[in-house]
There are 4 protein chains.
Amino acid sequence: MSKSGERSQTFQHIIDASLQLFNQEGERVITTNHIAERMNISTGKLYYHFRNKEEIISELYQRYVKGMAEQLSAALKHSNSIEAMVGAMEKTLRHIWSFRFLPKSMPSLYYLHPELAENHQQLSRGQLAGKLAQLFARLREQEVLQGDDKQLAHLVQHFQMVQTGWVTTLKHSATPSELERMVKDGCRSLLYLVAPYVNPRYRPPFDRVCARYA
Amino acid sequence: MSKSGERSQTFQHIIDASLQLFNQEGERVITTNHIAERMNISTGKLYYHFRNKEEIISELYQRYVKGMAEQLSAALKHSNSIEAMVGAMEKTLRHIWSFRFLPKSMPSLYYLHPELAENHQQLSRGQLAGKLAQLFARLREQEVLQGDDKQLAHLVQHFQMVQTGWVTTLKHSATPSELERMVKDGCRSLLYLVAPYVNPRYRPPFDRVCARYA
Amino acid sequence: MSKSGERSQTFQHIIDASLQLFNQEGERVITTNHIAERMNISTGKLYYHFRNKEEIISELYQRYVKGMAEQLSAALKHSNSIEAMVGAMEKTLRHIWSFRFLPKSMPSLYYLHPELAENHQQLSRGQLAGKLAQLFARLREQEVLQGDDKQLAHLVQHFQMVQTGWVTTLKHSATPSELERMVKDGCRSLLYLVAPYVNPRYRPPFDRVCARYA
Amino acid sequence: MSKSGERSQTFQHIIDASLQLFNQEGERVITTNHIAERMNISTGKLYYHFRNKEEIISELYQRYVKGMAEQLSAALKHSNSIEAMVGAMEKTLRHIWSFRFLPKSMPSLYYLHPELAENHQQLSRGQLAGKLAQLFARLREQEVLQGDDKQLAHLVQHFQMVQTGWVTTLKHSATPSELERMVKDGCRSLLYLVAPYVNPRYRPPFDRVCARYA
DNA sequence: AATGAATGAGCCTTCATTCAT
DNA sequence: AATGAATGAAGGCTCATTCAT
């Protein structure tokens with residue numbers, strides 16, 4: 001059943017354990033030895049599956065971007081309903097939260113691994129921003145949003161920055177209920193960001209949604 | 001003429017060299033040995049003036065916040081003129097740029113030094129956000145801006161996040177002319193963020209200012 | 001054939017090299033770098049087997065106490081013969097000699113690692129003193145020694161102190177023949193300490209033994 | 001009024017502060033910087049009065065020995081009264097306590113400063129042991145003690161070792177009442193050591209004294 | 001595939017001591 | 001006499017990575 005693209009189970013386990021530890025303790029604090037120890041595997045095993053620590057981070061980054069892209073694609077499919085949009089927004093925030101070490105560590109990682117920076121520019125500013133722009137454009141077509149190209153281009157940029165800003169201000173761990181609160185706050189913040197560009201005609205349903213996050 | 005609050009020259013030199021190296025190479029990459037080596041001083045000298053690396057960062061952080069606070073205070077004094085406001089905004093961005101390693105490293109430093117996080121919350125979310133809120137409130141009084149309290153509160157938050165997001169996306173070094181470009185881009189981005197809350201009456205002068213950053 | 005309690009060969013080598021260097025040069029003088037250098041291994045290897053220098057000392061201390069306990073247990077088995085007793089005493093002194101850095105360094109280590117002090121109190125004042133007390137009690141039962149409980153309790157204490165006092169006055173290295181001399185002197189000293197409590201009936205054999213150490 | 005042998009006030013202060021810190025925190029832990037800091041003087045001043053740290057320790061050691069010698073001399077003067085003897089013993093223990101860092105650190109210092117070891121042998125084994133031997137000899141003349149030369153020679157040695165053993169087992173700090181207890185315990189221990197050599201004729205007064213330390 | 005011992009450059013920091021003033 | 005900034009060798013320890021098995 002092993003398709004060509006399929007990664008070994010161990011590969012996946014290492015990714016999972018690394019993500020968990022990076023999120024909780026910080027990538028800078030967690031060593032490859034920590035990861036192996038936590039998983040009860042040898043460091044050798046870890047280095048059999050990954051050339052180095054950077055490769056783990058890189059893999060996690062790709063999954064992060066992939067998840068973001070999927071959320072945005074899903075949102076595109078339901079771009080007619082404000083409800084669906086906000087649902088996608090929530091999911092996106094949860095996804096960011098589950099990779100929260102990345103927005104926190106990325107900028108300082110650029111110094112260490114300049115390749116990551118280029119990669120990131122390409123993916124985040126490129127692919128993701130592109131998708132988000134597409135989404136906003138679609139919403140404008142449907143007359144949910146309004147605004148000229150420049151305005152929407154900046155909205156895209158601001159939207160991403162506020163998303164990132166949101167996670168970086170959160171603490172490293174949270175109980176499920178704390179997370180609910182955080183996600184709510186994040187959504188509200190993003191809604192306020194978008195609000196000025198909501199078409200007056202769609203204002204009532206938009207405000208109804210906003211009310212849920214007050 | 002040595003005032004009480006005055007620090008030794010060496011102290012200042014270490015701060016300067018550290019800031020330069022941190023900005024260029026990244027705080028994570030630069031060790032206390034690097035700093036001493038670059039300055040052609042002994043490590044002992046460095047540790048005579050600072051208990052440890054964290055203390056250097058902490059001192060830089062305090063100067064960063066102090067500078068931000070000063071810019072905001074200056075902006076408050078000239079809050080009647082849109083021109084002056086934007087001038088302050090530019091200065092603020094330049095100031096952030098000159099401490100750019102901080103917004104980039106802060107989130108990953110929280111993992112290492114949780115005390116910094118608390119301190120930061122207090123100063124950045126507290127003092128600086130407070131001053132910014134004051135500024136926006138003043139502008140609303142003068143009918144330059146409009147919006148309810150909640151809107152302006154979120155504007156404050158977004159404004160800070162976009163400022164931070166701005167620097168973190170920049171590369172580590174830049175020629176003077178590159179810097180000019182970056183600052184312009186940053187200002188424009190912030191102006192777009194504020195734009196929806198500009199009172200229609202002040203739209204013409206605002207647009208004129210915006211035009212300069214196009 | 002590897003039993004569960006068995007430590008790696010390297011572990012043992014490090015212990016051996018450390019003991020040798022500590023005895024010869026002093027624990028305070030010998031750094032972990034010295035140990036690694038002397039063994040022609042990397043510092044990393046040393047720290048792979050021991051968390052820190054204290055752990056090496058702690059391991060040595062445990063072996064020291066274990067050896068002491070074994071000597072005392074052996075002595076208890078042959079407690080009927082004065083000859084055997086003195087043989088055990090000699091062995092004990094040789095054992096102390098082979099860990100001589102410990103009695104010399106222990107008091108100054110308490111300042112650095114207070115945990116060691118508690119541990120030591122428990123083991124030395126507790127376990128070892130207990131065994132020694134048992135031994136003296138047995139000898140009293142057999143009417144080799146005499147004295148009330150308090151006297152014997154103090155004898156235990158004095159015996160330990162004189163043993164310790166003995167090593168601390170010796171120089172750090174000695175030729176085999178010098179060592180013989182030292183051990184003889186130590187035994188004689190201890191015999192003199194015990195002498196007042198020897199039952200007159202056992203005086204002749206006791207004096208015969210003493211004569212060998214004159 | 002400054003006699004040739006008189007040391008400056010600062011010299012004395014440094015000695016006092018060092019003794020206090022060494023006793024409380026351990027010579028190994030206390031740096032020359034600590035001493036200067038505690039005294040609110042510059043390190044330069046400290047090094048003006050002492051060539052190095054060792055010289056401070058050496059000076060303290062000399063005072064320690066001098067004090068011991070004085071106690072013994074005083075005891076010699078009153079060697080006819082058991083009461084006076086025990087009083088001297090108490091004083092001696094208090095004196096040792098006030099220099100307690102020395103017996104604790106001496107053996108490990110020998111490794112660092114072999115000169116100290118020679119010095120110590122000469123003074124402690126030589127001068128002090130000589131005086132103590134003299135005292136015991138006197139007491140034998142007065143028929144307070146009994147025992148042949150060898151026995152008394154060993155008693156001297158044991159006496160010194162138990163004194164030293166006594167301090168090294170104590171904790172570093174103590175309240176006045178704790179100190180009283182410790183001194184009592186120490187005296188009792190020493191009395192038990194001497195007891196076998198007390199002339200039966202002097203047993204009753206001796207036992208009376210002992211009773212006070214029970 | 002996996003082990004896990006080993007590497008070693010390098011990190012942060014200390015501290016006895018010096019020396020220009 | 002005194003200051004206090006400066007020295008710099010050295011100390012304990014880490015950690016990404018390698019490699020023989």
Side-chain angles (χ1 to χ4, degrees), chain A residues 8-11 14 28-37 39-57 112, chain B residues 8-11 13-14 28-37 39-56 112, chain C residues 8-11 13-14 28-37 39-56 112, chain D residues 8-11 14 28-37 39-57 112:
Chain A
S8 78
Q9 211 188 354
T10 304
F11 185 95
I14 294 170
R28 192 169 175 174
V29 173
I30 294 300
T31 71
T32 47
N33 291 325
H34 281 134
I35 298 168
E37 205 173 327
M39 297 179 65
N40 286 318
I41 65 170
S42 65
T43 48
K45 189 169 181 175
L46 190 151
Y47 274 87
Y48 179 82
H49 291 277
F50 293 89
R51 244 205 316 279
N52 50 40
K53 192 184 174 185
E54 191 190 344
E55 208 169 88
I56 300 177
I57 296 167
L112 278 159
Chain B
S8 82
Q9 214 185 350
T10 305
F11 185 96
H13 281 164
I14 294 170
R28 190 169 174 175
V29 173
I30 294 300
T31 71
T32 47
N33 289 338
H34 285 138
I35 299 168
E37 213 170 317
M39 297 179 68
N40 285 318
I41 63 170
S42 65
T43 51
K45 186 170 180 173
L46 191 152
Y47 277 89
Y48 180 78
H49 292 278
F50 294 89
R51 245 203 307 281
N52 49 42
K53 191 184 172 187
E54 193 188 343
E55 206 168 272
I56 299 177
L112 279 159
Chain C
S8 82
Q9 214 186 348
T10 305
F11 185 96
H13 281 163
I14 294 170
R28 190 168 175 176
V29 172
I30 294 301
T31 71
T32 48
N33 290 336
H34 285 137
I35 299 167
E37 213 170 314
M39 296 179 68
N40 286 317
I41 63 171
S42 65
T43 52
K45 185 170 181 175
L46 192 152
Y47 277 91
Y48 180 79
H49 292 277
F50 294 88
R51 245 203 309 280
N52 49 41
K53 191 185 173 186
E54 194 189 342
E55 206 169 272
I56 300 178
L112 278 159
Chain D
S8 79
Q9 213 187 354
T10 304
F11 185 95
I14 294 171
R28 193 168 174 173
V29 173
I30 293 300
T31 71
T32 47
N33 292 327
H34 281 134
I35 298 168
E37 206 173 326
M39 297 180 64
N40 288 316
I41 64 170
S42 65
T43 47
K45 187 169 181 175
L46 191 152
Y47 274 87
Y48 179 82
H49 291 278
F50 292 89
R51 245 205 315 278
N52 50 40
K53 192 183 175 187
E54 192 190 343
E55 207 168 88
I56 300 177
I57 296 167
L112 279 157

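We name chains A, B, ... by the order of the sequence lines, and we start the count at 1 in each one.
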Rounded distance in Å - [atom1] ([X]) to [atom2] ([N]):
X       : N       : atom1 : atom2 : answer
L46(B)  : dC15(E) : CG    : C1'   : 16 Å
L112(A) : dT17(F) : CG    : P     : 11 Å
N33(C)  : dT14(F) : CG    : P     : 13 Å
F50(C)  : dC13(F) : CZ    : C1'   : 15 Å
H49(C)  : dC13(F) : NE2   : P     : 16 Å
Q9(B)   : dA6(F)  : CD    : P     : 10 Å
M39(D)  : dT3(F)  : CE    : P     : 10 Å
E55(D)  : dT17(E) : CD    : P     : 10 Å

Would you compute the distance between atom [atom1] of [X] and atom [atom2] of [Y] and round it to the nearest 0.5 angstrom?
X      : Y      : atom1 : atom2 : result
F11(D) : I56(D) : CZ    : CD1   : 9.0 Å
T10(A) : M39(A) : OG1   : CE    : 7.0 Å
Y48(A) : I41(A) : OH    : CD1   : 13.0 Å
E37(C) : T31(C) : CD    : OG1   : 7.5 Å

Classify the nucleic acid contact of [X] as base, sugar-phosphate or nothing, counting any heavy atom under 4.0 Å across all strands shown.
X      : result
H34(A) : nothing
T32(D) : base
T43(C) : base

Quiz prompt | 5′-ward residue of the pair N40(C)/V29(D) relative to DNA chain E | solution =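 Per heavy-atom nearest nucleotide, the more 5' residue is N40(C).
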Quiz prompt | Partner nucleotide, any strand, of dA1(F) [Watson-Crick/G-U, under 3.5 Å] | solution =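 When the pairing criteria are applied, nothing turns out to pair with dA1(F), so the answer is none.
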Quiz item: Across all strands shown, which nucleotide pairs with dA16(E) by Watson-Crick or G-U wobble geometry, both distances under 3.5 Å?
Solution: dT7(F)
Quiz item: Under a 4.5 Å cut-off applied to non-hydrogen side-chain atoms, are T43(B) and T32(B) in contact?
Solution: no
Side chain of [X]: nearest nucleotide among [options]?
X      : options                 : answer
I41(D) : dA6(E), dT3(F), dA6(F)  : dT3(F)
Y48(D) : dA1(F), dA6(F), dT17(E) : dA1(F)
S42(A) : dT17(F), dA2(F), dT3(E) : dT3(E)

Exercise. Give a yes/no answer on whether the side chain of Y47(C) brings an N or O atom under 4.0 Å of OP1 or OP2 in dT14(F).
Key: no
Quiz item: For dC12(E), does OP1 or OP2 lie under 4.0 Å from any side-chain N or O of K53(B)?
Solution: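 Answer yes for this pair, as a side-chain N or O of K53(B) is under 4.0 Å from OP1 or OP2.
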Self-check item: Residue mapping more 5' on DNA chain F - nearest nucleotide basis, T10(B) or R28(A)
Solution: T10(B)
